[in-house]
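Worksheet for the structure shown next.
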Number of protein chains: 2
Amino acid sequence: MRIGEVARRADVSVKTIRYYEHVGILPPATREPNGYRSYDSAVFDRLTFTRASQAVGLTLGEIREVIAFRERGEPPCAYVLDLIEDRGAALTVRIADLEALRTDLRDLATRGHALDPAACLPREICHVIKSPG
Amino acid sequence: MRIGEVARRADVSVKTIRYYEHVGILPPATREPNGYRSYDSAVFDRLTFTRASQAVGLTLGEIREVIAFRERGEPPCAYVLDLIEDRGAALTVRIADLEALRTDLRDLATRGHALDPAACLPREICHVIKSPG
DNA sequence: ATAAACCCTGCCCTGTAGAGGAGAGTCAAG
DNA sequence: CTTGACTCTCCTCTACAGGGCAGGGTTTAT
C-alpha cells in the first residue's frame, strides 16, 4: 500500500506520515523499486496508537519512547503508567494555576467595571491592570 | 539612563528591552550621541504595566494594542475589559478541557494498574492506551 | 595604556507538530 | 502523447518571547 492510501484510510496527511517516519514514530518504510514508500497493515496499529496517545496528552517524543520499549521486546505498560501519572500530576498543577488566573481575571473584570475610564491616567496606561505589588 | 541600568532596576534583561522596542511595546528610545539608548523614568511605567499584563495572560501583541490606545489619547480601559473577559471565557473552556483530560488520565491509570503487562500484545504496543473508538 | 564592563546591530536558535511549496520523477488513463 | 494524480526530497514557515552568539565600538576605572 502506498502512502496516499494509508493517509486516506487512517485520516492523516501524507505529510504527517513522512514526519512520523522522520521522528521515529514509524520505522523507515520499505520502498518499491521506484522509491515509493510501501506499507502493510501494521502501519495502522502504529497510527492508531499514536492518535490515542496524543489524545491523552503524550508528546510524539514520549510516544516514540513507548514504541522503543515495544521494539526492544519489553511491554511498555509500566513506563506508560509512569508517564500517565506524571502527566496527571503536571496537569493538576497546571489546572490550579489556570484557575488562580481565572480568579484574578474575574476580580479584575469586576473591579474594572467599577472604575471610571476618564479617571485613568496616561502614565499608568490603564488603571484596570495593576501590578501585584 | 542607559539600557543596562533600566534592566537592572526593572529586573528584565537588556535583550528584553530591545525586543520590546522592536515589537512596539516601548517607543524607539532616544539616543545619546554615541548611539546608546537613553531612557527616562517613564520606561518603568511601561515595563511595570507590561509585566502586570503578562501576569494576567495578555500577549505582547495585545499589550501593544492597549498601549496604542493610550498613545492615541484614548483611555484603553474598555478595550482592556473586553480582552480580560475574552481571556476569562477562553480560560474557562480550556480548564474544562484539561479537567476532562485529567479525568481520562485517572481512569487510564486505574484501569492500567489492573492490567497485566504480560498480556500486552506487541501489535497494540501497549494495551493501557486504547483509541476511544 | 589597558582591562573590564558596557553598548551596538544582526543573525540564528529554542520547542511542537507538522503545513506549504519548489522542482522533479512516475504511473495510469484517454 | 499528454494530462492529471501521485510520489519523491529538500527547504522554509508558523506562534511565543526572547536567548545566545559574533564582531565590532565606547566608557570607566586602574
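Atom set for the values below is all heavy atoms of this structure, side chains included, hydrogens, waters and symmetry mates excluded. Below, read A as the first sequence line, B as the second, and so on, with proteins coming before strands; counting in each chain starts at 1.
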Heavy-atom neighbours of A/Arg94 CZ exceed 12 at 6.0 Å: no
Donor/acceptor link under 3.5 angstrom from B/Tyr20 side chain onto base of D/dG18: no
Contact under 4.0 Å: A/Asn34 side-chain N or O vs C/dG25 OP1/OP2: no
Among C/dG25, C/dA17, C/dC8, the one nearest B/Ile3 by side-chain distance: C/dC8
Closest-nucleotide 5' rank along DNA chain C - winner of A/Lys15 and A/Leu58: A/Leu58
Spacing of B/Ile17 atom CD1 relative to C/dC7 atom C1', expressed in whole Å: 12 Å
Separation of C/dA28 P from A/Glu5 CD (nearest whole Å): 14 Å
Value in whole Å for how far the P atom of C/dA17 lies from CD of A/Glu62: 9 Å
Atom-to-atom span, CZ of B/Arg2 to P of D/dG25 - whole angstrom: 17 Å
Minimal non-hydrogen separation, B/Val14 against B/Gly4, with atom names: CG2-CA, 4.1 Å
For atom CD of A/Glu21 and atom P of D/dT9, their distance in whole Å: 8 Å
Gap between atom NE2 of B/His113 and atom SG of A/Cys77 - 0.5 Å precision: 11.5 Å
Phosphate-side-chain proximity, A/Arg31 and D/dT9, N/O vs OP1/OP2 below 4.0 Å: yes
Closest-nucleotide 5' rank along DNA chain D - winner of B/Glu32 and B/Leu60: B/Leu60
Separation of atom CD1 in B/Ile63 from atom C1' in D/dA17, rounded to whole Å: 11 Å
N or O in side chain of B/Arg8 less than 4.0 angstrom from C/dA5 OP1/OP2: no
Short side-chain N/O contact from B/Ser13 to OP1 or OP2 of D/dG19, under 4.0 Å: yes
Contact under 4.0 Å: A/Arg37 side-chain N or O vs D/dT7 OP1/OP2: no
Pair of N/O donor and acceptor under 3.5 Å linking D/dG19 base with B/Tyr19 side chain: no
Rounded distance in Å - OH (B/Tyr36) to C1' (D/dT28): 10 Å
Under 4.0 angstrom between A/Thr16 side-chain N/O and C/dA19 OP1 or OP2: yes
Separation of C/dA17 P from A/Ile25 CD1 (nearest whole Å): 9 Å
Short side-chain N/O contact to D/dC8 OP1/OP2 from A/Arg18, under 4.0 Å: yes
B/Arg46 and A/Ile125: CA distance, side-chain angles, deciding distance, side chain to side chain contact (heavy atoms under 4.5 Å, CB included) verdict: CA-CA 8 Å; B/Arg46 283 290 173 95; A/Ile125 302 179; 3.5 Å; yes
Heavy-atom closest pair, residues B/Asp116 and B/His127: O-CE1, 3.1 Å
